Q: 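Following this message is one structure expressed as structure tokens.
The basis for the numbers below is simple: all heavy atoms, side chains too, and nothing from hydrogens, waters or symmetry mates. It should be emphasised that the depicted structure is a prediction, and the values quoted were computed from it without experimental measurement.
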Amino acid sequence: MANPSLNGKMNGNWKIMNKLRYLFVAAMIFLSWQLSTAQSSDNGDGTFTNPVLWSDFPDPDVIRVDDTFYFVSTSMHYFPGVTILESKDLVNWQIACNVVDAFKVHPAYDLQNGHRYAKGQWATSLRYFGGRFHVLFNTNTEGSFFYSAHTIEGPWKPTKVEGHKLYDPGMFVDNDGRVYVIHGNTDIFVTEMDPETLQEKGPARQIYKSHRGGMEGNRCYHIGDYYYIYCTYGGDHAGQTCLRSRSLYGPFEEREVMFEVGNRAESVLHQSCMIPLPDGNYWGMIFQDRDGLGRIPWLIPIYWVNDWPIMGDPTDGILTLQTPFASSRKLPAQSSYRTLTGTDDFNSTRIALKWQFNHNPDEHKYSLSERPGYLRLYTATMTDSLRKARNTITQRIFGPYSQGTAKIDFSHQKTGDRAGLVILAEPFATLTIEKTTKGTILSMTVDEAVKENVRLEGKNVWLRASVDGITDYVTFAYSTDGKTFQSIGERFKMKFINTYFCGNRYGLFNYATRQHGGYIDVDYLHVEQHPLFTRNCYKGKVLEAEWFDYQWKAECTWSGLDKANRNQDVTFTHDGGMIAFRNLDVRDTITRLTFTLLNHDATDVFIELKNIDTGEVIGTADIPAPSSQYQNIVMSLQKPLPSARRLEVRVWNKGWNLISMGRVSIDKIILK
């Protein structure tokens, strides 16, 4: 990769990396039930597969201090909040700390006199100067706040910024040590800050007005001869924008430096930061809107072209890439206290960092010590709605597929108490255990409207939510013995709505409608996470076309068969368009593949399946003439499907030297 030299001269030539390295488009991570790998995009072979973190860590700002990277994101109304992650290699992450234990600047953060849904802490900036870590965020309601600490674990000291609000702030320390904040939406400002008092040293100066409304997400850097401001226009179709000037006060040029949908039709990656590596190279941490699961980070290389920091590898769809470091730089193995999400048996004496409460917690209404090995949740609120109840404890859901199972002892509920498992966002869905005068009832609800209920006996129940982060559907089940589960209610469709502004989460709740004093004991929340493709191949297995090769003009489009379920096609328009599958473990004798596809307007084209390990073409099949309907095309294989490190499916013209092909969309591949 090229990088800026000390005198500011930029190398404008693309340095193309080994193409095969980037054409791995179908794999997520190897199948593993270990939390350390289930949450990691590290493939274990010197590559990783985006998204680098398949969970809701939006508005990223990443810095390097010595040999460690720190990543701050937005957690809005969840506390302890302002989560900072740490990593040695930008791929494998764990939680370093939650900066703000509780935010006591207004009663609404305690769910009194209102709420702070979609408010609270917004896009946070992270920097290290003056021997301290500093985070800066804006609340949109109470103004802007610094939190500072000598070590990443804290303690963190708050400082309220007097003066106007610093919207989407980007802290910037120039080469002379002066500290600034770039902030604003559409009208972009710079304000110099006192590095000791963390107050404004002078008035804000406007340095840019965007060509269209909505420019935000400000991150500023001084590299070589130029000041660069990475920003975005916001929304699904925003892309990544860069401003450039030889002076911090302008005039600035504007250029789009990436417009890429990754593996999701129509959802453009946007709002990145720039991350310098010790070798002089740069990477970007950017996110993609994924609806129900929230805003998902991707790790993208940056290339320098005519002094512009262009994002994304020019040869491919930026899915599977070489890791930024040639050798492993993972942090030492940690207990579940620092894992990003996942199983908790509540055997510790402190709440793991992955757990955050809906608004400020009431520390007197939960305990890990009163019954060792259990999380005891008392009713903290008398209310008629879960949305207004304190001490709902949550954790992020990791995609693409996840299943959470909670074992709950409900024997100490009081009449009118409601407790259980929630998929929390807006709308939300629950499995609610309610103590009534006629017994205990388990209900599946959507926004508290009951869809189905059953009577519970005994004192324990197992509650399960299975989350498909591709289609955004959740199914619910329960068990009275922990072995046999029964489905309950209806499929729930997760959404991402701006009045909530966070991805859906697993949550455990308990609130009163009549009287205080009741409690539940949660034995555990067990979380299983599945990669996009498990790699285990057997007859009847369906490989969905969720990944694509951008270099050969293949892209994700919504499937005409099942768009309502958010299924996708891979659509080809270029001779040789490819889908590639890595590390298949074939368990059956598979001799045929059935392709479900739509030929829009291509003629004389065929599908080819090739084993890249051996160079052999295993099978071919002609694609019928254009049609308005999807068709099933059977490919008979010359030999049984092998367990292979890499298989490629390509669509080719039959004519020689033809580049354009027309459009062919593959929906799925069924193994026979």
Q: Hey, does the side chain of Thr394 reach the backbone of Gln356 with a donor-acceptor pair shorter than 3.5 angstrom?
A: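 A pair under 3.5 Å: yes.
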
Q: With salt bridge (Lys or Arg N to Asp or Glu O under 4.0 Å) as the rule and sequence neighbours excluded, what pairs involving residues 73-84 come up?
A: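 Of all non-adjacent pairs touching residues 73-84, none passes salt bridge (Lys or Arg N to Asp or Glu O under 4.0 Å).
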
Q: Relative to the ring of Phe398, is the ring of Phe57 parallel (under 30°), tilted (30 to 60°) or perpendicular (over 60°)?
A: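 Phe57 vs Phe398 ring planes: perpendicular.
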
Q: Kindly assign one of parallel, tilted or perpendicular to the pair Phe103 and Tyr109, based on the angle between their ring planes and the thresholds 30° and 60°.
A: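 If you compare the ring of Phe103 with that of Tyr109, the planes turn out perpendicular.
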
Q: Would a 4.5 Å heavy-atom cut-off, applied to side chains only, mark Thr197 and Thr159 as touching?
A: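 Side chain of Thr197 against side chain of Thr159, heavy atoms only: no contact under 4.5 Å found.
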
Q: Excluding sequence neighbours, so at least two apart, what forms side-chain contact (heavy atoms from CB on, under 4.5 Å) with Tyr180?
A: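 Tyr180 satisfies side-chain contact (heavy atoms from CB on, under 4.5 Å) with Phe172, Asp174, Arg178, Val190, Glu192, Leu248, Tyr249 only.
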
Q: For the residue pair Asn92 and Ser87, confirm or rule out a side-chain donor-acceptor distance under 3.5 Å.
A: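 No donor-acceptor contact under 3.5 Å links the two side chains.
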
Q: Which pair of non-hydrogen atoms, one from Ser369 and one from Pro372, has the smallest distance, and what is that distance?
A: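 The answer is O-CD, 3.5 Å.
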
Q: Assess the residue pair Asn218 and Asp168 against the criterion (side chain to side chain donor-acceptor pair (under 3.5 Å)); give the C-alpha distance rounded to whole Å, side-chain angles, the decisive distance to 0.1 Å, and a yes or no.
A: CA-CA 6 Å; Asn218 309 287; Asp168 268 18; 5.3 Å; no

Q: Measure the acute angle between the ring planes of Tyr167 and Trp122, then classify it against the limits of 30° and 60° as parallel, tilted or perpendicular.
A: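 Geometry flag for Trp122 against Tyr167: tilted rings.
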
Q: Does Gln271 use its side chain to pair, donor to acceptor, with the backbone of Gln288 at less than 3.5 Å?
A: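 Answer holds: no.
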
Q: Could you check whether the rings of Phe71 and Trp93 sit parallel, tilted or perpendicular, using 30° and 60° as the cut-offs?
A: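 Phe71 vs Trp93 ring planes: perpendicular.
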
Q: Using the side chain to side chain contact (heavy atoms under 4.5 Å, CB included) rule, take Ser73 and Asp59 through it: C-alpha gap first, then chi angles, then the decisive distance, then the call.
A: CA-CA 5 Å; Ser73 65; Asp59 307 328; 5.8 Å; no

Q: Taking the inter-plane angle between the rings of His526 and Tyr524 on a 0 to 90° scale, is it parallel (under 30°), tilted (30 to 60°) or perpendicular (over 60°)?
A: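 The rings of His526 and Tyr524 lie parallel, inter-plane angle below 30°.
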
Q: Step by step, work out the side chain to side chain donor-acceptor pair (under 3.5 Å) result for Gln529 and Ser402.
A: CA-CA 4 Å; Gln529 294 158 339; Ser402 178; 5.0 Å; no

Q: If you take the centroid of each ring, where Trp contributes its six-membered ring, are His77 and Phe501 closer together than 6.0 Å?
A: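 No, they do not, as the ring centres are separated by 6.0 Å or more.
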
Q: Distance check, rounded to the nearest 0.5 Å: Met285 atom CE versus Leu269 atom CG?
A: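 CG of Leu269 is found 12.0 Å from CE of Met285.
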
Q: Determine the minimum heavy-atom distance between Leu421 and Gly404, stating which atoms define it.
A: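 Heavy atoms only, the tightest pair is CD2-O, 4.2 Å.
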
Q: Under the rule for side-chain contact (heavy atoms from CB on, under 4.5 Å), what residues qualify as partners of Asp409, not counting sequence neighbours?
A: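 Asp409 satisfies side-chain contact (heavy atoms from CB on, under 4.5 Å) with Arg371, Ser411, Lys459, Asn460, Asp521 only.
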
Q: Taking all heavy atoms of His134 and all of Arg132, pick out the closest pair and write down the distance.
A: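 So the minimum-distance heavy-atom pair works out to CD2-O, 3.3 Å.
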
Q: Does the Gln121 side chain pair with the main chain of Ser75, one donor and one acceptor, at a distance under 3.5 Å?
A: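 Checked: pair present.
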
Q: Among side-chain atoms of Lys354 and Thr339, is any donor-acceptor pair under 3.5 angstrom?
A: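 The answer is yes; a qualifying pair exists.
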
Q: Among Phe79, Phe509, Tyr366, Tyr78, which residue meets the ring pair (Phe, Tyr, Trp, His ring centres under 6.0 Å) test with Phe357?
A: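 With Phe357 as partner, Phe79, Phe509, Tyr366, Tyr78 yield a single ring pair (Phe, Tyr, Trp, His ring centres under 6.0 Å), made by Tyr366.
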
Q: Please round to the nearest 0.5 Å and tell me the distance separating atom CG of Asp291 and atom NZ of Lys493.
A: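 It is 7.5 Å, given to the nearest 0.5 Å.
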
Q: For Arg290 and Ile470: C-alpha separation, side-chain torsions, deciding distance, then whether side chain to side chain contact (heavy atoms under 4.5 Å, CB included) applies.
A: CA-CA 8 Å; Arg290 298 288 303 201; Ile470 300 298; 3.8 Å; yes

Q: For the atom pair CG (Leu368) and CG (Asn347), what is the distance rounded to the nearest 0.5 Å?
A: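 That separation rounds to 9.5 Å.
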
Q: Considering residues, nucleotides and ligands other than Lys160, do more than 12 of their heavy atoms fall under 6.0 Å from its NZ?
A: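 Yes, enclosed.
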
Q: Any side-chain to backbone donor/acceptor pair from Asp289 onto Arg295? Under 3.5 Å, distance only.
A: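 Not confirmed, Asp289 side chain does not pair with Arg295 backbone.
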
Q: Can a salt bridge be assigned to the pair Arg116 and Glu142 using a cut-off of 4.0 Å between side-chain N and carboxylate O?
A: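 Yes, Arg116 and Glu142 are salt-bridged.
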
Q: Does a donor on one side chain and an acceptor on the other come within less than 3.5 Å for Gln395 and Thr341?
A: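 Gln395 vs Thr341: donor-acceptor pair found between side chains.
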
Q: With rounding to the nearest 0.5 Å, note down the distance linking CD in Gln94 to CG in Leu353.
A: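 With rounding to 0.5 Å, CD (Gln94) is 9.5 Å from CG (Leu353).
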
Q: Looking only at heavy atoms, what is the nearest atom pair of Asp101 and Pro361, with distance?
A: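 Result for this residue pair: O-CD, 4.1 Å.
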
Q: Within the distance-only criterion (no hydrogens, no angle test), does the side chain of Tyr221 pair as donor or acceptor with the backbone N or O of Met274 below 3.5 angstrom?
A: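 Yes.
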
Q: Which of these passes side-chain contact (heavy atoms from CB on, under 4.5 Å) with Arg219: Ser125, Ser272, Pro60?
A: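 Considering Ser125, Ser272, Pro60, a side-chain contact (heavy atoms from CB on, under 4.5 Å) with Arg219 is found only for Ser125.
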
Q: Would you say the side-chain atoms of Trp156 pair up with the backbone N or O of Ile152, donor to acceptor, closer than 3.5 Å?
A: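 Looks like yes, one N/O pair under 3.5 Å.
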
Q: How many angstroms lie between atom CG of Leu126 and atom CD1 of Ile63, to the nearest 0.5 angstrom?
A: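 Answer for the CG-CD1 pair, Leu126 versus Ile63, is 3.5 Å.
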
Q: Just checking Phe287 against His270, ring centres under 6.0 Å apart?
A: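 Ring centres of His270 and Phe287 closer than 6.0 Å.
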
Q: Hey, does the side chain of Thr379 reach the backbone of Thr381 with a donor-acceptor pair shorter than 3.5 angstrom?
A: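 Flag not set: sc Thr379 to bb Thr381 has no pair under 3.5 Å.
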
Q: Taking Glu153 for its side chain and Ala96 for its backbone only, find out whether a donor-acceptor pair lies under 3.5 Å.
A: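 No; judged by distance alone, with no hydrogens or angles, the pair does not exist.
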
Q: Is a side-chain N or O of Tyr378 found less than 3.5 angstrom from the main chain of Ser367, in a donor-acceptor match?
A: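 Checked: no pair found.
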
Q: Quick one: CE on Met258 to CH2 on Trp298, what's the gap to the nearest 0.5 Å?
A: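 Between Met258 CE and Trp298 CH2, I get 9.0 Å after rounding to 0.5 Å.
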
Q: Taking side-chain hydrogen bond (donor to acceptor under 3.5 Å, both in side chains) as the definition, give me every residue that meets it alongside Ser385, ordered by chain and number, with sequence neighbours left out.
A: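 If we apply the side-chain hydrogen bond (donor to acceptor under 3.5 Å, both in side chains) test to Ser385, skipping adjacent residues, the hits are Glu448.
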
Q: Closest approach of Leu293 and Asp472, non-hydrogen atoms and distance?
A: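 Reported closest heavy-atom pair: N-OD1, 4.2 Å.
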
Q: Only counting residues at least two apart or in another chain, list the ones meeting side-chain contact (heavy atoms from CB on, under 4.5 Å) with Pro195.
A: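 With sequence neighbours excluded, Pro195 shows a side-chain contact (heavy atoms from CB on, under 4.5 Å) to Phe129, Val179, given in chain and number order.
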
Q: Around Lys104, counting heavy atoms of other residues, nucleotides and ligands shown, do more than 12 lie under 6.0 Å from its NZ?
A: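 Yes - once you tally the heavy atoms of other residues, nucleotides and ligands closer than 6.0 Å, there are more than 12.
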
Q: Answer with yes or no after comparing the ring centroid distance for Tyr374 and Phe346 against a 6.0 Å cut-off, counting only values under it.
A: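 Not close enough - the centres of the two rings lie 6.0 Å or further apart.
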
Q: Which atom names give the shortest non-hydrogen contact between Ala465 and Ile423, and what distance separates them?
A: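 Scanning both residues completely, I find the closest heavy atoms to be CB-CD1, 3.9 Å.
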
Q: Is a donor from one side chain sitting under 3.5 angstrom from an acceptor on the other, for Thr47 and Asp45?
A: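 Present: a donor and an acceptor within the cut-off.
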
Q: Name all residues meeting the side-chain contact (heavy atoms from CB on, under 4.5 Å) criterion together with Ala380; count only those two or more places apart in sequence or in a different chain, and write none if there are none.
A: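 Here the qualifying residues are Lys365, Arg390, Asn391.
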
Q: Please report whether the ring centroid of Tyr128 lies less than 6.0 Å from that of Phe133.
A: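 Yes.
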
Q: So, does Asn504 use its side chain to make a donor-acceptor pair with the main chain of Gly292 at under 3.5 Å?
A: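 Checked: pair present.
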
Q: Is there side-chain contact between Leu136 and Tyr147, with heavy atoms separated by less than 4.5 Å?
A: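 Not in contact.
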
Q: Check the surroundings of atom NE2 in His222: do more than 12 heavy atoms from other residues, nucleotides or ligands lie under 6.0 Å from it?
A: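 Above 12, so yes.
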
Q: Does atom CG (Asp67) have a neighbourhood of more than 12 heavy atoms from anything else shown, all under 6.0 Å?
A: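 Atom CG in Asp67 is crowded, with more than 12 foreign heavy atoms closer than 6.0 Å.
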
Q: On the six-membered ring of Phe69, is Lys88 placed so that its NZ or CZ lies under 6.0 angstrom from the centre and within 45° of the ring axis?
A: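 Output no; distance or angle outside limits.
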
